[in-house]
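Letters A, B, ... mirror the listed sequences (proteins, then strands); counts begin at 1.
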Amino acid sequence: MSLRNSFAVSGLEAFITVVLAFVLAYGLHYTKLPEKFKSVVQILIILPMFLPTLTYGFAVIYSLGKQGLITQIIGHQLFSIYGFWGLLISYVIYTLPPAFVLLYNAFKYVDKHFIIVSQIMGDSPLRTFYITSVRPMIGTIAAAFILSFFLSFTDFGIPASIGGQYTVVATQLYMVMMGAVPDFQSGSAIAVIMLIPSIVAVWLLRFTERFNFRYNKISTFELADDKVRDGFFAAVYVVVIAAIFAIFAIMFIVPFIKSWPYQVVFTTETLQRILSDRSIETVYTNSVMVAAATAVIGTVLAYMAALVNARSQLPGVCKMLMDACAMVTNTVPGMVLGVAFLFAFTGSPIQNTFIIIILLNSVREFTTPYLMIQASLSKINMSWETTGALMGDSWLKTIFRVIIPNTMSTVFQMLSYIFIQAMVTISAIIFVTGARTMVMTTKITQAQYFEKYDEVFVLSLLIFLTNIIVKVIFDYLSSHDDIVLHVKQKFQSIFGKEAKRQNAGLEDLPERI
Amino acid sequence: MLELKHIVKKYDEKVILNDISLTVEDGEIISILGPSGGGKTTLLNVILGITPLSGGQLLYKGEDLSRVPMQKRGFNIVFQDYALFPNLTAYQNIVYGLRNKPGIATKEEVADLIRLLDLQDHVDKRISQLSGGQKQRVALARTLVMKPKILLLDEPLSALDGVIKESIKERIRTIAKQYHLTTIIVTHDPEEALTLSHRVLILNGGKIAQFDTPDNIIHAPKDDFIKKFILSQLQIKRDNIYKLFEPGAMPAARQAQ
Amino acid sequence: MLELKHIVKKYDEKVILNDISLTVEDGEIISILGPSGGGKTTLLNVILGITPLSGGQLLYKGEDLSRVPMQKRGFNIVFQDYALFPNLTAYQNIVYGLRNKPGIATKEEVADLIRLLDLQDHVDKRISQLSGGQKQRVALARTLVMKPKILLLDEPLSALDGVIKESIKERIRTIAKQYHLTTIIVTHDPEEALTLSHRVLILNGGKIAQFDTPDNIIHAPKDDFIKKFILSQLQIKRDNIYKLFEPGAMPAARQAQ
Amino acid sequence: GCGSSGDSASADEQVVIYTNADPEAQDAFKHALDSNGFEGKYVMQAFGTSELGGKLMAEGTNIEADLITMSTYYIDSAQKENKMFADLTFDAKTLQETPSYYKPTTGQFGAIFVNTEVLQKENLPMPKSIKDLTNPVYKDKISLPDIMGSSTSWLLAQAVFDAYGEQEGAAILKQLEANAGPHMEKSGSGPLKKVKAGEVAVGFGLRHQGLMEEQKGLPIKVVDPTEGNFFLTEGVAVINKADSKKKELAMKMAECIVKNSRQELLKFYPMALYEGETVDKTFEPAYPKQYKEALTVDLLKKHQQLIKG
Ligand SMILES: Nc1ncnc2c1ncn2[C@@H]1O[C@H](COP(=O)(O)OP(=O)(O)OP(=O)(O)O)[C@@H](O)[C@H]1O
Ligand SMILES: Nc1ncnc2c1ncn2[C@@H]1O[C@H](COP(=O)(O)OP(=O)(O)OP(=O)(O)O)[C@@H](O)[C@H]1O
Ligand SMILES: [Mg+2]
Ligand SMILES: [Mg+2]
């Protein structure tokens, strides 16, 4: 029953999310809206990603519930948020950003030239749309569907807070593993059942791979002016972003209100009280430290794996294994992974250290950065390693001198993605944090147990702000990776002989052999 | 008859095409020649209607097309990179347009065209299985099936082998004659431009450097640019080939032995 | 002296190179010519050592290199797509190998090379700011700095303009002479092959069709394939150009007016 | 006095305390420890009941903590499973008999609470008993914890089974579930959350939590059900670790908590656990009651069975 519910709500949710994400991503590539507008929209759509998933359920209750912000503004409740519809909406909000990011990036590799070919061949607008946008994206659409499906299929936070009578398999797992009587044995049985769809997912991905094709090159062209088209998309963006804002606005209001919704008086008391707690500082530092370390280690892991896959001569089996690994870590519920780590590392020296948290996070956030870097590694020149070898480099040396510098912009994207994810994930690490290794998200979970919602929101905002800053910095670095290069050269020319040789040339070389 | 009157095209205040006026007769083959960045592709795009004009007029058979959208102009293009749909077979690509305008070409006409372009053996192949020359011909067939009023070609030959190149040139000439098709070809190879077309338009920095018959361009180059850019290339080629066919006159060969 | 003895290369039982035997003298420029898929790039890869032999032997100065890994052979290549490192400037690309083998070239030698290739004004530019011809020369310089025993070039000229093409050809000849460098060039343009090199190797279907001086290939083609593939291309070109320079002899031009 | 002297210890020597207690109880523990010379000699880390339960089951004596406070039925089953707690070396006279490896810290009653504003707006009668809530007028207007997800729900089940017997009780509980509809909560604090947010009019949960909101001036009122206020206890236990010095220190702290924090705890958790304790009548529940059988995990499982079938 709960399994059927899970499939129904996750399936429908994934369908809606993919359609919506597709429309949003399409508009950013195929309209002539001002570039500034587009870049703002692009960030706003993924804003929910910067908040801990735990807050989504709250946000929905406090905005669309009986006493919610939206309900109060409109004057009556739009629909009952408990059960199917609440889940559906929260899941869509939850999975829209990652699905959007996936599709948005994939559109970059679609040759826009074909729009003209299609139009000039007399295609109807619908057929042009299909042949130039949908058809080339089928593989990615499937991937986005799977991603979205599993995110909601394995999430228990949202159904726990607004699932109502609509039981899903993830909450069952939650109740068995973490309920009144923890039962890890039955829990693992449910977890195994939950893994079955990932087999289907791997198959689906392999199947849609057949539809994939590569364009020889990616040409851009000047889009025709079309006020109707641009206006339509502008409206879509405004509506979607307004909806996201309306639902999350409450999070930015509650911390400044004495007691929502009974004493709506502005106060910074709550904020002061919560932030004056000395332990917050430690926990915040821990969080940033863990997220930063996870970002670095996760990036290195994903990079190495992708190198093996995209640029090594290892047998195909290794590469397939790598892909399967990437897929599976994405489909295992975080809670199961956390409990697995708990059992695996009990009694080992890394128990109750930051290392285990970082390791767990790195494994959990493997898939997306892996896919990101793999795409860009397989696009860059295949002759560089050979050239490097002919110039006397070892393979590793070429990797460091050439391959990595030329994928720097993707590396920055990976770093910021993993950092943000590590800041917001909860379900996996909750089991492996110890007394001295608490992070923000576990603190938030506690606040939730103790009914301190204002604290939940304040801490979430802190995470949110941190993520925004990180995102902005890394986006900037990513689009200006030559700046990094420039700074590096400056440093090298200021310090050391080694630098001088590399930069200024041959001053130090012996005159003759 | 296609008339361009004082055509101006700017991108963000940067003038790319500057006061281009010319007339192309029906059935004529025109080559556009010029250095990289000279505005060749832009001029093609303007005629096709991909990109709007910044100034001037475009007339076809006296009708002003300056504001008519691309789809309604009835011109067609073969892109330099062919832009064949990679998910369809060669044949599906060729008859792609017929789905939208079923009456435009009969089955026999398509078969004729396939035969004319020597594609019989390749129609069932996927695009990735075709050689460069074959792709080129499929792209040409796909466009010709649509019976365009004017055929535009962007660097159609630059990626091809010498032998294939000649055969495609021959085919373009045959088709232009057979269908009385006005054809405009962008290229950067003077030999190609001068041997293929009735008249050659040389663009430099967005302006017309010369628009004349090959004969006149070779024997009466209008300025130094034409002499240097066009003629010196040809002369080097001529010298190379003269030497090759002169027995024992190969300097490189002599040095080695 | 480079000797190939009964070289065989297969990919999954498909024979790509079939019993290739030949000898290249020191300082000689050799062109490899042939239709697409003929095995030209494969032969270059086999000599360079990127891909292992399926059979036969490769000897350099009498030493058997068949099992010696690429890095130890001391040969070097300029790829068709240059494979320059975009994160480095032109100059950093040129001296890239010196970090690993600091003694291999002196400062003056590098400066000489840069002058010879006319790159003085471009050494501080990023790769993306260079034109195709400049990239080509930077790639050449980067390889020459390593003082390879044999220089391999895969279609080094096919992407270039006529005028630049001639100047690069000239430079390759000068360098080969100056450094007494054995040079092997893959191309699909007979004109290029025949005017640039001392001897031309024509490959067809993985076999040697002819390996001879340009003179002999033109005046004593060994078989029909050579006649058709090589000579007809050249003759067409010759005819084209003869006609261009013969006043009033242009058939296309005549037809139109 | 269980005082100890000396300055704060280095991180390695600090005693690690894991607790599932509410912040108010944590504060009481801290106050007791700090004012008796243990300041800086321990770190206290709070967990959700489920997570701490999971850790106890999975890690056994490998757990980082030296000292825990936890729901006592959990302590029992962890001891059964892992034999992980040391016998306490001090004594304190409890009102009820306890095993040798823990002493109770708090007793927590179950109760009904209502959101008076919502009750009024929806024109609902004030409930007096749990059974009242089976009345169809409360359909979708009440929120209850789920017995599978939270031990708080057990207090509800105990009250019902005690008053109406197993058969009728199970039927009543099923009716209650149907009435709660979408507001069956996985966590014990869920119902109060719903009542606070105005999503429902009535909820069932821990009495002291409702009391606290009432005192804050929110439109919330605690109602003691006539079936009785049943209770669960939390207790303190020492992990049986190899490091005897730390175990000793942990033992001292356990003793200190038992002996010095009760005064403060009684303010939030008005239930006498030790001999000589008295409770302010105004905070005392109206119908305090104890279940006839010992509260073990097996009993909980049996009740789960009865309800879920
Ligand atoms: N969409 C655009 N926005 C701004 N500038 C453009 C755009 N398209 C082309 N240009 C500029 O217009 C000029 C002419 O470009 P065009 O592509 O017409 O040259 P071309 O003659 O076809 O060159 P090539 O032989 O290299 O193809 C170039 O300087 C180019 O940078
Ligand atoms: N890694 C490989 N695996 C299998 N077959 C290959 C591989 N590399 C090349 N071939 C095949 O070997 C044959 C010769 O290829 P090669 O690249 O040497 O041709 P080429 O003469 O350089 O052609 P072109 O002029 O098109 O570059 C082709 O049929 C090609 O499909
Ligand atoms: Mg162009
Ligand atoms: Mg090749």
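- Interface remark: A/Tyr174 contributes side-chain atoms only to the contact with chain D (heavy atom separation under 4.5 Å).
- Applying a 4.5 Å heavy-atom cutoff, the residues of residues 16-26 of chain D that approach chain A are D/Val16, D/Tyr18, D/Asn20, D/Ala21, D/Asp22, D/Pro23, D/Gln26.
- Heavy-atom distances place both the backbone and the side chain of A/Thr433 under 4.5 Å from chain D.
- Note: D/Ala46 leads D/Ala46, D/Ser143, D/Ser151 in heavy-atom pairs under 4.5 Å with chain A.
- Side-chain contact check for D/Glu64 and D/Gln45: no donor-acceptor pair (N or O, by modelled atom type) lies under 3.5 Å.
- Take D/Thr152 and apply the side chain to side chain donor-acceptor pair (under 3.5 Å) test, not counting sequence neighbours, and it matches D/Ser150.
- At a 4.5 Å heavy-atom cutoff, the contact between D/Ile147 and chain A is made by backbone atoms alone.
- A/Asn286 contributes no side-chain N or O that, together with a main-chain N or O of A/Thr437, makes up a donor-acceptor pair within less than 3.5 Å.
- Two residues are said to be in side-chain contact when any heavy atoms from C-beta on lie closer than 4.5 Å; D/Phe231 and D/Gln108 fail this criterion.
- Only the backbone of A/Val432 comes within less than 4.5 Å of a heavy atom in chain D; its side chain stays farther off.
- Other residues, nucleotides and ligands contribute over 12 non-hydrogen atoms within 6.0 Å of the NZ atom of D/Lys308.
- No more than 12 heavy-atom neighbours from other residues, nucleotides or ligands sit within 6.0 angstrom of NZ on D/Lys80.
- Under the side chain to side chain donor-acceptor pair (under 3.5 Å) criterion, D/Tyr291 pairs with D/His303, sequence neighbours left out.
- One finds the CD atom of D/Glu13 at 8.5 Å from the NZ atom of D/Lys246 (value rounded to the nearest 0.5 Å).
- Between chain A and the options D/Met184, D/Lys55, D/Glu185, the largest number of non-hydrogen pairs under 4.5 Å is found for D/Lys55.
- Residues forming a salt bridge (Lys or Arg N to Asp or Glu O under 4.0 Å) with D/Glu234 (at least two apart in sequence, or on another chain): none.
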